[in-house]
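Report on the following structure.
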Amino acid sequence: MKQIASTTVNASTPLVVDVSDYTHATIRAVGVWGGTLSFTGSVLGGEYVALGVQSLGATDLTVAITSLANSSSFSSTAYRVDVAALKEIRFTLGASDTGSVGIAVNLISTSNAR
């Protein structure tokens with residue numbers, strides 16, 4: 001398992017995480033912001049599409065979200081996602097969004113001892 005230290009995402013600073021060689025990721029988002037935090041993924045790098053993540057405690061595995069709307073408190077939310085076929089995942093806020101989001105990512109590999 002590899003942990004990406006908590007990194008702040010704001011309107012001018014996205015977070016891009018290399019997920020090559022990993023099969024799963026858990027994500028924690030904490031902060032206060034106005035706007036939308038988007039989750040995207042890339043197979044080749046540079047061409048991103050919406051990435052569906054699931055709440056860590058979800059029991060209905062057919063439900064996934066691709067973004068988080070405004071957060072008015074410092075509540076922390078955890079998500080999971082399969083990243084086996086991806087090169088990168090990216091977290092962004094819109095150019096006119098306000099505030100910041102702390103992101104922590106744990107990457108898990110079931111194929112090697114990382």
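Basis for what follows: all heavy atoms, side chains included, without hydrogens, waters or symmetry-related copies.
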Please determine whether residues V83 and L56 belong to a single hydrophobic cluster, defined as Ile, Leu, Val, Met, Phe, Trp and Tyr linked transitively by side-chain heavy-atom distances below 4.5 Å. no
According to a hydrophobic-cluster definition based on side-chain heavy atoms being under 4.5 Å apart (Ile, Leu, Val, Met, Phe, Trp, Tyr only), do L51 and L44 belong together? yes
Measure the [atom1]-[atom2] distance between [X] and [Y] for me, rounded to the nearest 0.5 Å.
X: T23; Y: I108; atom1: OG1; atom2: CD1; answer: 7.0 Å
X: K87; Y: D18; atom1: NZ; atom2: CG; answer: 5.0 Å
X: I65; Y: S38; atom1: CD1; atom2: OG; answer: 10.5 Å
X: N106; Y: T26; atom1: CG; atom2: OG1; answer: 4.0 Å
X: S109; Y: H24; atom1: OG; atom2: NE2; answer: 10.0 Å

Do you know the tightest heavy-atom contact between [X] and [Y]?
X: E88; Y: G45; answer: OE1-CA, 3.6 Å
X: N70; Y: G34; answer: OD1-C, 3.4 Å
X: A58; Y: R80; answer: O-NH2, 3.3 Å
X: A95; Y: A11; answer: O-CB, 3.6 Å
X: S100; Y: N10; answer: CB-CB, 4.2 Å
X: A25; Y: L107; answer: CB-CD2, 3.7 Å

Beyond-backbone contact of [X] with [Y], side-chain heavy atoms, under 4.5 angstrom:
X: T13; Y: T8; result: no
X: Y48; Y: I89; result: no
X: W33; Y: L93; result: yes
X: Y22; Y: D82; result: no
X: V101; Y: V30; result: no
X: L61; Y: Q54; result: yes
X: F91; Y: V16; result: no
X: V43; Y: L86; result: yes

For the backbone of E47 and the side chain of S42, can you confirm whether one donor and one acceptor N or O come within less than 3.5 Å of each other? yes
